[in-house]
Amino acid sequence: HNPKVVGSNPAPATNWHCRLQSRQCEDEKPLFRGFFVYGVNKPPVASKDQQIADMVQSTVAALGYELWGVEYVAQGKHSVVRVYIDSPAGISVDDCATVSTQVSSIFDVEDPVAGEYTLEVSSPGMDRLLFTLEQYAGYVGEVVELRLRSAFEGRRRFKGVLKGIEGDDVVVQVDDHEFLLPYGAIEKARVQLRV
């Protein structure tokens, strides 16, 4: 059995699932299909971003803010942890300072980042990163820039109109094609809000 053959069924001992496709917008017939391999049926290993988000979520909520997301960027011996907070009233510099003080205290105890790091707390801003499927759903109709974990049809970057969510797939229209991109295949996504 050769798991690299397109359309073949993986061996039972292999827990992999393939799914990524694009379709022509003018009619409902698929224009072409591609495959993206990602693990399933394995216990998910939380990313460093997710571990930190889980660690600070309740504290941020207790302070009266929404934890929009966490970005962990390893840069050699010195890392950067970005914590994005939001609130219906907006976010001020004082809000960021308050959250930063509390998150720093948590980090002093839990020590989630080895070595030196910089903690940055800010609002998500206008061109905001998207961290959850629920956040994607709030920006249907807006232009998004997506970067995949692995290339699909020779490209990792897609920029187009977010058309919606179908199950665990993010639907993005690029020119005259709609791409169904599995949420788990997306490494980074940013909204390009119209001014």
Completion exercise
The reported gap from OH in Tyr65 to OG1 in Thr98 (rounded to nearest 0.5 angstrom) is 5.0 Å
Problem - Side chain to side chain, Phe107 and Val56, heavy atoms closer than 4.5 Å - result: yes
Handout entry: Whether Lys48 side chain and Pro112 backbone form a donor-acceptor pair below 3.5 Å
Key = yes
Exercise for the section: Would you check if Leu67 and Thr59 make a side-chain contact, meaning some heavy-atom pair closer than 4.5 Å? Expected result: no
Handout entry: Atom pair OG1/CD1 of Thr101 and Ile106 - distance to nearest 0.5 Å
Key = 11.5 Å
Handout entry: Close side-chain approach of Glu120 to Glu71, heavy-atom, < 4.5 Å
Key = no
Fill in the blank from the handout: CD of Gln173 to NZ of Lys163, rounded to nearest 0.5 Å, is 4.5 Å
Problem - Exam field: side chain Arg155 to backbone Leu148, donor-acceptor pair closer than 3.5 Å - result: no
Problem - Donor-acceptor contact present, side-chain Gln135 to main-chain Trp68, <3.5 Å - result: yes
Practice task
Report yes or no: do Ser92 and Asp95 form a side-chain donor-acceptor pair below 3.5 Å?
Solution key: yes
Practice task
Let me know which of Arg128, Arg157, Lys159 forms a salt bridge (charged side-chain N to carboxylate O under 4.0 Å, His left out) with Glu145.
Solution key: Lys159
Practice task
Look up atom OH in Tyr117 and atom CD1 in Ile52, then write down how far apart they are to the nearest 0.5 Å.
Solution key: 9.0 Å
Completion exercise
To the nearest 0.5 Å, atom CG of Leu180 lies from atom CG of Asp168 at 11.5 Å
Completion exercise
Closest heavy-atom pair, Ile91 versus Ser123, reported as atoms and distance to 0.1 Å, is CB-CB, 3.7 Å
Problem - Check: Leu162 and Val191 side chains under 4.5 Å, non-hydrogen atoms - result: no
Practice task
Report yes if some heavy atom in the side chain of Ile186 is under 4.5 Å from a heavy atom in the side chain of Tyr136; otherwise report no.
Solution key: yes
Problem - Side chain Arg190, main chain Asp127, donor-acceptor under 3.5 Å - result: yes
Problem - Atom pair CG (Leu119) and OG (Ser79), whose distance is rounded to the nearest 0.5 Å - result: 12.0 Å
